[in-house]
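One structure is given below, encoded as structure tokens.
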Amino acid sequence: MSSETKTPDKFTIINELARRRGFFWQSYEIYGGVSGFVTYGFLGAKLKQNIEKKLRELFVNKLRILEIESPVIAPSKVFEASGHVDHFKEPMVECQKCKRRFRADHLLQEFAKIGESEAEKLSLKELKEAIEKHEIRCPECGGTFGEPKYFLTMFKTAIGPYSEAVGYGRPEAAQGIFVEFRRLYDMAREKLPFGALQIGHALRNEISPRQGLIRLREFTIIDLEFFFDPEEPNCFLLKDVENETLRMVLAESKLRGSEEIVEVTVKEALEKSYIKAEWQAVFMALAKKLLVDLGVPAEKQRFIEKLPWERAHYALQSFDQEVYVERWGWVEVSGHAYRTDYDLKRHMQFSGADMRVFKEYEKPVETEQTVIKPLMAKLGPVFKEEAAKVAEVLSKADPEDVEASIKKNGYYMLGEYKILPEYVEIARQKVKERGKRFVPHVVEPSFGSDRMVQFALEYAYRVKDDRSVLSFPRDIAPIQVGVYPLVSKDGLPEKALQVYKMLLDEGFMVEYDEAGSIGRRYARADEIGIPLGITVDYETLKDNTVTIRDRDSWKQVRSGIEDLPELLHKYFRWKANFEDLGKPF
RNA sequence: GCGGUCGUAGUCUAGCUUGGUCAAGACAUCGGCCUCCCACGCCGACGACCCGGGUUCGAAUCCCGGCGACCGCACCA
């Protein structure tokens, strides 16, 4: 402990509370703990589930979105295709004198004026040579650098006990969706737009994760890949959200060194092309609403545009949704990337599978095309064993070119082969095209589930009369109702247990507590954010009514036990306010 | 990974300088008593020196290593 006792900040208090009351804690504590890994206790797991449920309500059910679950481990091919094997590693050099580490490519950009894209392409050997050539020394102490080494931030493993097959732990769940695209498209009845969602663990071998739930080595990611036709980019949900406002920090402001926030409606953001894809704008609006529903006020949120060199390798435009927290300022909670057709195209290249979709024209398009038919009877004697190859290459040449050249010059040079007019038949052919094939575009909202838990806690936390209260929005509270006998005798516990069982049967998350004074039990319940407390007292034995207590106002109302199920169902679906639950007490 | 600070019950702290009747207090938890609606009071119980090695007759205390935490640097595709 440090000698000067600082008052702990909110983050510290919340983490302490989370550990003490069983929301979450660092994993493997009995072996000293390993940073970047966390275990959720009962309350935390429930809170997280409720948050994810809320996201599903908002995104999944209304939007033709298919939720799937795919593996965490993937063969190396998958992440080679996705570009992660190339991009997920950093070339590092260590100063031999002061042991500080630096990004080798960043040093070259800064001190040798080598362009960013150029610096990124250099191999370890080339980096070493460039550093030596430009005599780059440690910017901190002037020492010389050792060998550049890659730091790979993906977890690597071997698939199968005796196998050499390399596998990686996924750093995002998105690839699990892209590789299954053909089946998913099938399940979506071959209609665009549609989306696929995955909530699951992802692994990133962070260098030094030490911000609680904010940076973990194993964490829960929520990746939503939404596929659409770039020629029909309109979003059918736009009307519902076009007047929602977004607080944005644009790339152009950042370039000027400013973090000025512009507040615009979704509609304006699209009109002014702050946001390029309509779907992306809509998802951003929904993401804002989600965080508001989790208790983060709109003014504590913003969307910050990534500069080209800050963007992931797959993204054409991306925004980070950030939430303001006391300890660190603005922290990312979701990323909104326009991934275009990058991923599907790459998997198409690497796997050979056709990721294109077929789009039927309203009317078939008839076109007349020039067709070059090789006449094998002539080609054979001239080119002998090469004839088949010539014919094949010829079929790939542009027929218009071939025809034009033959008309003009009397021959066509196909590489080193001279094609004379008599070798081919030039014909016109009518072709009926019923549609075309293309690779769909993707916008991706991607949420960190653990961060949402952290932010929900941060904004739920209040202090009332020196007591900690977690004022969760009522629909994400891990436990909904506490049931208490006023005293633990005279038949009150028996009566309270009846109420408790009834509410359990109704499907509520209920807790029963008879230990300690009633005030202490209320305080305990407030600290884990139970919205309502039901107390069985001596009145109850006479007229079958109980008191209902509100966590936030500490007000109490009185109601009949038989009315509780309906009243509470309404309350938790936001169809009744606390005051509607009974008569003031 | 570097530098600084630090690691004692579930939590917060005392003890460490000067090694030895030293493992203490408060809160929380559990049991009991009290018609008890906002952490009431009283009685009782459970419960800790981060791990490993060294020095020593003897280590929570001194030394070394490891692990972990916080702050700063770097990193966060």
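All chains are named by letter (A, B, ...) in the order of the sequence lines, taking the proteins before the strands, and each is independently numbered beginning at 1. Since the structure is predicted, the reported quantities are computational estimates derived from the model, not experimental observations.
More than 12 heavy atoms of other residues, nucleotides or ligands shown are found within 6.0 angstrom of NZ on A:Lys276. Remark: A:Lys464 NZ is packed, more than 12 non-hydrogen atoms of other residues, nucleotides or ligands lying under 6.0 Å away.
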- request: Apply salt bridge (Lys or Arg N to Asp or Glu O under 4.0 Å) to A:Arg520 and A:Asp513, showing your working.
  value: CA-CA 10 Å; A:Arg520 177 178 303 227; A:Asp513 189 359; over 6 Å; no
field: Steps toward salt bridge (Lys or Arg N to Asp or Glu O under 4.0 Å) verdict (A:Arg549, A:Asp526)
entry: CA-CA 11 Å; A:Arg549 169 191 179 268; A:Asp526 288 347; 2.8 Å; yes
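For A:Tyr538, whose side chain is taken as the heavy atoms from C-beta onward, the closest listed nucleotide among B:C38, B:U35, B:A77 is B:U35. Counting only heavy atoms from C-beta on, A:Thr535 has its side chain closest to B:C37 among B:A77, B:C37, B:A39. Side chain of A:Ser35, nearest nucleotide from B:C37, B:A69, B:A77: B:A69. When the nucleotides B:C37, B:C34, B:G68 are ranked by their closest atom to the side chain of A:Ile518, B:C37 comes out on top. With B:U11, B:C34, B:A77 as the choices, the nucleotide that has an atom nearest any side-chain atom of A:Arg20 turns out to be B:U11.
Residue whose closest nucleotide on RNA chain B sits further toward the 5' end, between A:Glu16 and A:Phe585: A:Glu16. Sequence order on RNA chain B of the closest nucleotides to A:Arg215 and A:Arg327 puts A:Arg327 first from the 5' end.
Distance CZ (A:Arg558) to C1' (B:C37): 10 Å, rounded to an integer number of Å. Put simply, OH on A:Tyr484 is 14 Å from P on B:C38, counting in whole angstrom units. Across the protein-nucleic acid pair, A:Phe11 atom CZ and B:A69 atom P stand 11 Å apart, rounded to whole Å. Regarding A:Glu29, its CD atom lies at a distance of 11 Å from the P atom of B:A69, rounded to whole Å. The CD atom of A:Gln211 sits 16 Å away from the P atom of B:G68 (whole-angstrom rounding). Between A:Asp513 atom CG and B:C38 atom P there is a gap of 16 Å when expressed in whole angstrom units. Between the CZ atom of A:Arg524 and the P atom of B:A28 there is a distance of 10 Å, rounded to whole Å. The OH-P distance, from A:Tyr342 to B:A77, rounds to 15 Å in whole Å.
Contact annotation for A:Arg311: backbone-only contact, meaning every heavy-atom pair under 4.0 Å involves sugar-phosphate atoms and none involves a base. The residue A:Asp490 sits apart from the nucleic acid: no heavy atom pair falls under 4.0 Å.
Between B:C71 and B:C30, the distance separating the two P atoms is 33 Å to the nearest Å. Going from the P atom of B:C42 to that of B:G25 covers 15 Å, rounded to whole Å. The same atom, P, is picked in B:U11 and in B:C51; the two are 15 Å apart, to the nearest Å. B:U61 and B:U55 have their C1' atoms separated by 13 Å, given to the nearest Å. For the C1' atom pair drawn from B:A9 and B:C49, the interatomic distance equals 10 Å after rounding to whole Å. Using C1' as the reference atom, B:U5 and B:A77 are 32 Å apart when rounded to the nearest Å. B:C70 and B:G32 are spaced 40 Å apart, taking the P atom of each and rounding to whole Å. As rounded to the nearest Å, B:C76 and B:A59 have C1' atoms that lie 42 Å from one another.
Checking side-chain atoms of A:Asp320 against main-chain N and O of A:Glu322 turns up no donor-acceptor pair under 3.5 Å. A donor-acceptor contact shorter than 3.5 Å is absent between the side chain of A:Asp450 and the backbone of A:Val453.
Here the options are A:Phe219, A:Phe11, A:Phe455, A:Phe24, the test is side chain to side chain contact (heavy atoms under 4.5 Å, CB included), and the partner is A:Leu213; only A:Phe24 passes.
Below the 3.5 angstrom threshold, one finds a donor paired with an acceptor across the side chain of A:Arg467 and the base of B:C38. Scanning atom types as modelled, one donor and one acceptor separated by under 3.5 angstrom connect the side chain of A:Gln556 and the base of B:C37.
Using the Watson-Crick or G-U wobble rule with both distances under 3.5 Å, B:G1 pairs with B:C73. Within the shown strands, nothing qualifies as a pairing partner of B:C49 under the Watson-Crick or G-U definition with both distances less than 3.5 Å. For B:C27, the paired nucleotide is B:G10, the pair qualifying as Watson-Crick or G-U wobble because both relevant distances are below 3.5 Å. Pairing for B:C34 is absent, judged as Watson-Crick or G-U wobble with the two contacts each under 3.5 Å. Searching all strands for a Watson-Crick or G-U wobble partner of B:C40 with both distances below 3.5 Å returns nothing.
Stacking of the aromatic ring of A:Tyr522 onto the base of B:C37 is not found under the criterion of centres within 5.5 Å and planes under 30°.
Between A:Arg521 and B:C36 there is no side-chain N or O to OP1 or OP2 distance below 4.0 Å. Between A:Arg520 and the phosphate of B:C40, there is a side-chain N or O to OP1/OP2 separation shorter than 4.0 Å. The shortest distance between the side-chain N/O atoms of A:Gln26 and the OP1/OP2 oxygens of B:A69 is below 4.0 Å. Checking the phosphate oxygens (OP1, OP2) of B:U11, a side-chain nitrogen or oxygen of A:Arg19 falls inside 4.0 Å. Remark: A:Ser517 is not in phosphate contact with B:C38, judged by side-chain N or O atoms under 4.0 Å from OP1 or OP2.
Between A:Phe226 and A:Phe283, the two ring planes are perpendicular [angle over 60°; tilted spans 30° to 60°].
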